Q: 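Take a look at this one; I'll ask things after.
Labels below follow one simple rule: chain letters A, B, ... track the order of the sequence lines, proteins then strands, and each chain is numbered from 1. Here the structure is a predicted model, which is why all the values come from computation and not from measurement.
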Amino acid sequence: MKRTGAQILMDILKEENVDVIFGYPGGAVIDIYDELERSDIRHILVRHEQGAVHAADGYARASGKVGVCFATSGPGATNTVTGIATAYCDSIPLVVITGQVPTHLIGNDAFQEVDIVGITRPCTKHNYLVTRIEDMARILKEAFHIARSGRPGPVLVDIPKDLASTETDYTPLGNINIRSYQPNYQPHKMQLKRAAELIRTAKKPLILAGGGVGLSEAWQPLTELARKWRIPVTTTLMGLGVFPGSDPLWLGMIGMHGTYRANMAAGNCDLMIAVGVRFDDRVTGKTDCFASQARIIHIDIDPTSIRKNVAVTVPVVGDCRISLEKLNQLLGDIGPEEIESMRKDWLEQVEQWRQAYKMVYEDNGRIKPQFVIETLSELTSGRAIITTEVGQNQMWTAQFYRFDQPRHFISSGGLGTMGFGFPAAIGAQVAFPDKLVVDVAGDGSIQMNIQEMATAVENDLPVKIVILNNCFLGMVRQWQELFYDRRYASTRMNCVPDFVKLAEAYGARGLRATEPEQVRPTLEKGLAMDGVVIMEFKVEPEENVYPMVPAGAPITEMLLV
Amino acid sequence: MDNQTRKYTLTMLVDNEPGVLSRVAGLFSGRGFNIDSLCVAETIDPKVSRITLVTEANPSMLEQIEKQLRKLINVIKLRDMTGSRAIRREMALICVRALKADQRDEILRLVQLFRCKVVDVGPAYYIIEATGDAEKMEALINLLKPIGIKKIARTGTIALYREPN
Ligand SMILES: Cc1ncc(C[n+]2csc(CCOP(=O)(O)OP(=O)(O)O)c2C)c(N)n1
């Protein structure tokens, strides 16, 4: 069958069950867009290519599918870089298609030419420049295969303009096999046995779950392990939601802004079962002191994550879900009474930590950002898909929203990209048109991709935005307050738009709350409205996120209020 | 695990494609590992190249380097060529000052001793082609230095595993 490059691209997108693309056109992708227009694949026109990548990313995180976006050559391609790096840090499967100048012009400093493959090499799982039309189909199939398999990640494919309109013989390829890429899903039996032995004999075990649990859909066996063996659970930021926040074994998040009890449990446990985590410095604090009493079982699909930052007793390289299922099988059953008496002291100790320091904030007549999140959590019964921006808003959401389900907390964890949350919410809303999707934002972050208001309004994507407006780049200000003698260098935002008017200017709706008693009614009203709504809360300007572990300190040494 | 750094020779078979070398090199620069030397050439299979590199690392760094290299999609196979089970060779072209008769004699004596070749001769210089493992090259260079090395071009290490008997 004779097909052009652009037609092959559409064929493969369909084979891969892609039903939506986020993108922005331009000269180098005009042939691709011409073909896309004729297909039944939906295209969401964003207002900035960064927004396209974050939206595809939010779509992928919410749905578990591969997110796809298109951008043109040159500036279109460079605008995708922050989005790609964000997805790369959090192992999110994306296929990013960029246009390139025609093959005969490559290397000539042609108009709108950049070496996007060179630029994105360190922030993609893999990338390709298609140089021959015969390679097009194979490369695109490989791109999807690589993006979603093993430890997922973004893959970029750069397609020169002339190839999009060049014809070739095309027969669908079927399954792809890359000889140098064979991710290992099956855990090593011996290591699993050792892990089971440690779990059976541990007195003070702790489960630390991360993003990998969500990516491999391992929440069910994880919950089974925790409940059957009465093991308290903490997660990283990326793991929020993989274990129900309503379960008594739930300790809250670990790390720099983790709960007192989670960090204390990490410091005192005798066995840490770490699943789908990579021991980022925001999680471990000073690594020498991290889980220093514990033996560590580390389950992860990516061998490079294991022993990179912390020493482990039992490394298990494999898919988290398969590994946990097999581990549960190996562990077999234990009588409820037996396990109860075995865990009694440890769970009592954990309970004492819970009592010793609760997540509280002072009520002083002004709107407390934590109160906004708590109320949001209550009103949505933890059932909304919540995205966040970066900074204090992100940490308060992690601390005060109760996540009961996986894939309901969407946040830029690894890269910490301000401006991520809103476009990601758009993507999540595309994946789940009937769900409530809320972006929790700071006044700084929301301005980083505010142009996507038009995208949301135009496509009837009724995303709700909660802005915690503290008139500061709050998280940086907090560091300045605590560690730089309150010198607020460039963190005060004196000019912030009137967000209510801004919403209206885009054809959306805006609400504002300035007093604590307005918080609940504003949220009730805003969440119930159709369409895109901005809810702005004028919050306490100098509120801090606590607990806080100063960078580089042991995580058991927290600054409490 | 002792944490001494030492030199390791790693060899990998990679897809013979543009950009593969920069993926390997970028991995080293991006993660703060160093490359002491590097050799790349096609193998018998024109679709596959062999990259051999020498890096200085401690055992835990080496573990990361190996894992990270294996993770690159274009790396087909990776082996540590450090131990005695591998043959390692480097090559150098050395231009030595050779003005006086006694200098010329001394150079030729060394050439013989080290089983090198003289590949070019001029009234005031010899160019020597030398191959050997890293220690031999160091020894030769150290002996030639006092005579006067005008220029030197060295390859990195290449290595092959001995076949099992
Ligand atoms: C793109 C980007 N630039 C800069 C930063 C550094 N940074 C981290 S948090 C923060 C402040 C965020 O302010 P705001 O969005 O108002 O949120 P708040 O902390 O006040 O809730 C900044 C500037 C970042 N994370 N991302």
Q: Above 12 or not: heavy atoms from other molecules or residues under 6.0 Å from NE2 of A/His145?
A: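 Above 12, so yes.
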Q: Using a cut-off of under 4.5 Å for heavy-atom pairs, which of A/Pro303, A/Gly150, A/Gly118, A/Pro183 has the most such pairs with chain B?
A: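 That would be A/Pro303.
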Q: Return yes if a side-chain donor-acceptor contact under 3.5 Å exists between B/Ser22 and A/Arg121, otherwise no.
A: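 Side-chain D/A pair, B/Ser22 to A/Arg121: present.
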Q: Tell me, for B/Asn74 versus chain A, whether the close heavy atoms (under 4.5 Å) come from the side chain, the backbone, both or neither.
A: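 It is both, since atoms from each part get that close.
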Q: Do B/Gln64 and A/Arg307 have side chains that get closer than 4.5 Å, going by heavy atoms?
A: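 Not in contact.
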Q: Chain B heavy atoms under 4.5 Å from A/Pro122: which part of the residue, side chain, backbone, both or neither?
A: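 A/Pro122 has no heavy atom closer than 4.5 Å to chain B.
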Q: Supply the atom-to-atom distance B/Met61 CE to A/Lys308 NZ, rounded to the nearest 0.5 angstrom.
A: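 Rounded to the nearest 0.5 Å, the CE-NZ separation comes to 14.5 Å.
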Q: In terms of heavy-atom contacts, does CG of B/Asn142 have more than 12 from other residues, nucleotides or ligands at under 6.0 Å?
A: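 Yes, CG of B/Asn142 has more than 12 neighbouring heavy atoms, counting only those of other groups under 6.0 Å.
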Q: Testing the basics here: between B/Lys71 and A/Thr304, what is the closest heavy-atom pair and its distance to 0.1 Å?
A: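 Shortest heavy-atom contact: NZ-OG1, 3.4 Å.
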Q: With a cut-off of 6.0 Å (strictly less than), are more than 12 heavy atoms of other residues, nucleotides or ligands near CZ of B/Arg23?
A: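 More than 12 heavy atoms, drawn from other residues, nucleotides or ligands, come within 6.0 Å of this atom.
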Q: What part of A/Leu129 lies closer than 4.5 angstrom to a heavy atom of chain B: side chain, backbone, both or neither?
A: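 Neither the backbone nor the side chain of A/Leu129 comes within 4.5 Å of chain B.
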Q: Which pair of heavy atoms, one from B/Val75 and one from A/Ser180, lies closest together, and at what distance?
A: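 Heavy-atom minimum between the residues: O-CB, 3.4 Å.
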Q: OH of A/Tyr128 to CD1 of B/Ile73: how many Å apart, nearest 0.5 Å?
A: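 It is 6.5 Å, given to the nearest 0.5 Å.
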Q: Counting only heavy atoms from other residues, nucleotides and ligands, does the tally under 6.0 Å from CZ of B/Arg154 exceed 12?
A: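 Counting other residues, nucleotides and ligands, CZ of B/Arg154 exceeds 12 neighbours.
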Q: Please test B/Lys67 against A/Ile306 for side-chain contact (heavy atoms from CB on, under 4.5 Å), starting from the C-alpha separation and ending with a verdict.
A: CA-CA 10 Å; B/Lys67 284 174 169 177; A/Ile306 290 173; 4.1 Å; yes
Q: Identify which part of A/Asn127 has an atom lying under 4.5 Å from any heavy atom of chain B, answering side chain, backbone, both or neither.
A: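 Both the backbone and the side chain of A/Asn127 come within 4.5 Å of chain B.
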Q: With a 6.0 Å cut-off (strictly less than), is the heavy-atom count around CD of A/Gln182, excluding the residue itself, greater than 12?
A: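 Yes, CD of A/Gln182 has more than 12 neighbouring heavy atoms, counting only those of other groups under 6.0 Å.
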Q: Is it true that, when you exclude B/Arg162 itself, more than 12 heavy atoms of the residues, nucleotides or ligands shown sit nearer than 6.0 Å to its CZ?
A: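 Yes, enclosed.
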